[in-house]
Amino acid sequence: MRWRIEHKSFTSFDGTPIAYQSAGHDAGAPLLLANGVGASIEAYRSIIDAFGDRFRFLAWDYRGLFRSGRPLGGYRALRIEDHAHDARALLAHEGIERAHAFGWSMGVQVLLEWARTEHARLRSLVLMNGVAGRPYESVLSLPLLARVAPAVMGALQHVDGAVTSIVHGAVDHASFLPVARRLGFVHRDLDGDLFVSIARGFKELDLHLYLELLKKMGEHDATDVLPTIQCPTLVLSSTHDVMTPLARAEEMTRLLPRATLEVVPHGTHYAAVEFPDLVNRVLARFWSQHAEEARAHGASA
């Protein structure tokens, strides 16, 4: 079944207007989706359609991106901590006390930061192709990148007009998807139309602000939060993810008290749109097992 996505908004903790989306069954268990940076809820389309009868999905546009307003506190209010506060404000706005959560890429960092003070509100947690913090230390297995990334992004901000033109031209070019496949950034079997649609979302972004957000992401580290998370946790990783390598997922799994690691063979950072059937089978098994455990202990799943 294809579930309709509703678009709504609320005012966050510091007055910043935040756009959010809901999809799935109104009576379903609430599940908070934390997007990858620059992605929207459409990246989760196959998951929403597969599990919309079970969950009510809630996602939001990060402050300054897509339909959400620019942070009233300026660029200093683009930290991972601020996005985690937005997650808290969204659940409060919806009147939700406890929720399942699913984070992809930067969304992993956002959910872990939210869990720093809210871990008791987690029913279950899925962390897909992300790291607990300092992501640039492992991108392309080049530790030096973490040192130069902020300077490179700062330089790009000075020519953001040219960068915007290049990005717009690239994602609209017929060779965009073939080149991405050839370079190994995505698997050849991915849903090409959906991937291109996700990529074209970058045309809606303020690239200067987006680059600032990337810098803030590189400064964040929530590794210390991992041992405090007591809910059932699924760590999903891919063998060919050059942005968040499998070794980082293995480290997180060791530090999480109730974590299971599942690996998508041949998957890249975009495994959910490359191997949706496989990913959905893994998710179904995890969520069903959690529900069974909850019933056995007399708790709500």
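Any value given below was found using the heavy atoms of this structure, including those in side chains, with hydrogens, waters and symmetry copies removed.
Between the side chains of Asp86 and Ser12, at least one donor N or O lies within less than 3.5 Å of an accepting N or O. In summary, the side chains of His119 and Gln230 do not present any donor paired with an acceptor at a separation below 3.5 Å, with no hydrogens or angles considered. In this model, a donor atom of one side chain and an acceptor atom of the other lie less than 3.5 Å apart for His269 and Ser105.
The aromatic rings of Phe102 and Trp287 are tilted relative to each other, their planes meeting at an angle between 30° and 60°. Using bins of under 30°, 30° to 60° and over 60° for the plane-to-plane angle, the ring pair His290/His100 lands in the perpendicular bin. The aromatic rings of His266 and His187 sit tilted, their planes meeting at an angle between 30° and 60°.
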Test Tyr75 against His208 for ring pair (Phe, Tyr, Trp, His ring centres under 6.0 Å), laying out the working first. CA-CA 10 Å; Tyr75 279 2; His208 196 284; 5.7 Å; yes
Assess whether side-chain contact (heavy atoms from CB on, under 4.5 Å) is satisfied between Ser9 and Arg67, documenting all intermediate values. CA-CA 9 Å; Ser9 64; Arg67 298 184 184 186; over 6 Å; no
Between Arg76 and Asp82, does the salt bridge (Lys or Arg N to Asp or Glu O under 4.0 Å) criterion hold? Intermediate values first, please. CA-CA 9 Å; Arg76 67 179 180 275; Asp82 296 301; over 6 Å; no
Start with the C-alpha distance between Val264 and Leu278, add both sets of side-chain angles, then the distance that settles side-chain contact (heavy atoms from CB on, under 4.5 Å), and finish with yes or no. CA-CA 8 Å; Val264 180; Leu278 172 58; 3.9 Å; yes
Go through the steps to decide whether Leu122 and Trp114 satisfy the test side-chain contact (heavy atoms from CB on, under 4.5 Å), and finish with yes or no. CA-CA 10 Å; Leu122 273 167; Trp114 171 69; 3.4 Å; yes
Does the pair Thr244 and Val108 meet the rule for a side-chain contact (heavy atoms from CB on, under 4.5 Å), with working shown? CA-CA 11 Å; Thr244 57; Val108 169; over 6 Å; no
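Side-chain contact between Thr11 and Thr16: absent, with no pair of heavy atoms (C-beta onward) separated by less than 4.5 Å. In this structure, the side chains of Phe51 and Leu283 come closer than 4.5 Å at one or more pairs of heavy atoms. In this structure, the side chains of Ile48 and Ile41 come closer than 4.5 Å at one or more pairs of heavy atoms. Looking at heavy atoms from C-beta onward, Pro30 lies in side-chain contact with Arg123 at the 4.5 angstrom threshold. Taking 4.5 Å as the limit, every side-chain heavy atom of Leu236 sits out of range of all side-chain heavy atoms of Leu127. The side-chain heavy atoms of Lys215 and Leu78, taken from C-beta on, include no pair separated by under 4.5 Å. Contact of the Arg134 side chain with the His220 side chain is not registered, since no non-hydrogen atoms from C-beta on lie closer than 4.5 Å. Contact annotation: the side chain of Leu125 never approaches that of Leu234 to less than 4.5 Å [non-hydrogen atoms, C-beta and beyond].
Each of Phe10, Phe66, Trp60, Tyr62 was scored for a ring-ring contact (aromatic ring centres under 6.0 Å, His included) with Tyr20, with one residue passing: Phe10. Partner Tyr270 forms a ring-ring contact (aromatic ring centres under 6.0 Å, His included) with one of Trp104, Tyr44, Phe275 and no other, that one being Trp104. Applying the side-chain hydrogen bond (donor to acceptor under 3.5 Å, both in side chains) test between Thr268 and each of Arg181, His240, Glu274 identifies Glu274 as the sole match.
Here the CZ atom belonging to Arg116 is positioned 9.0 Å from the CG atom belonging to Leu112, to the nearest 0.5 angstrom. Here the OG1 atom belonging to Thr239 is positioned 8.0 Å from the CG atom belonging to Leu246, to the nearest 0.5 angstrom. Distance CG/Asn129 to OG/Ser237: 5.5 Å, rounded to 0.5 Å. One finds the CE atom of Met106 at 10.0 Å from the CG atom of Leu111 (value rounded to the nearest 0.5 Å). To the nearest 0.5 Å, atom CD of residue Gln21 and atom CG of residue Leu58 are 9.5 Å apart. Rounded to the nearest 0.5 Å, atoms CG (Leu213) and CG (Asp206) are 10.5 Å apart.
In terms of heavy atoms, Val235 sits closest to Ala259 at CG2-CB, 4.4 Å. Nearest heavy atoms, Ala77 versus Asp14: CB-OD2, 4.4 Å. Counting all heavy atoms, side chain and backbone alike, Ser238 lies closest to Ala271 at OG-CB, 3.4 Å. Among all heavy-atom pairs drawn from Arg63 and Leu209, the shortest one is O-CD2, 4.1 Å. In this structure, Leu214 and Tyr136 approach most closely via the heavy-atom pair O-OH, 2.7 Å.
Every residue was checked against the side-chain hydrogen bond (donor to acceptor under 3.5 Å, both in side chains) condition with Asn35, not counting sequence neighbours, and none meets it.
Enclosure of atom NE2 in His7 by more than 12 non-hydrogen atoms of other residues, nucleotides or ligands within 6.0 angstrom is indicated. Within 6.0 Å of NE2 in His93 there are more than 12 heavy atoms belonging to other residues, nucleotides or ligands.
The backbone N or O of Met217 sits less than 3.5 Å from a side-chain atom of Gln109, completing a donor-acceptor pair. At distances below 3.5 Å, at least one donor-acceptor pair connects side-chain atoms of Thr228 with backbone N or O atoms of Val225. Side-chain atoms of Arg56 never come within 3.5 Å of backbone atoms of Asp26 as a donor-acceptor pair (strictly under, hydrogens ignored). For Thr253 (side chain) and Ala249 (main-chain N/O), a donor-acceptor pair under 3.5 Å exists by modelled atom type. Listed for the Thr233 side chain is no donor-acceptor partner under 3.5 Å among the backbone atoms of Ile229.
Follow the hydrophobic side-chain contacts under 4.5 Å out from Leu65 and you reach Val110 in the same cluster. Under the 4.5 Å side-chain contact rule for hydrophobic residues, Val131 and Leu226 do not share a cluster.
Between Asp49 and Arg45 there is a salt bridge, since a side-chain N of the basic residue sits under 4.0 Å from a carboxylate O of the acidic one. With salt bridges taken as basic N to acidic carboxylate O contacts below 4.0 Å, none links Glu137 and Arg248. Looking at Glu212 and Lys216, a side-chain N of the basic residue comes within less than 4.0 Å of a carboxylate O on the acidic one, giving a salt bridge.
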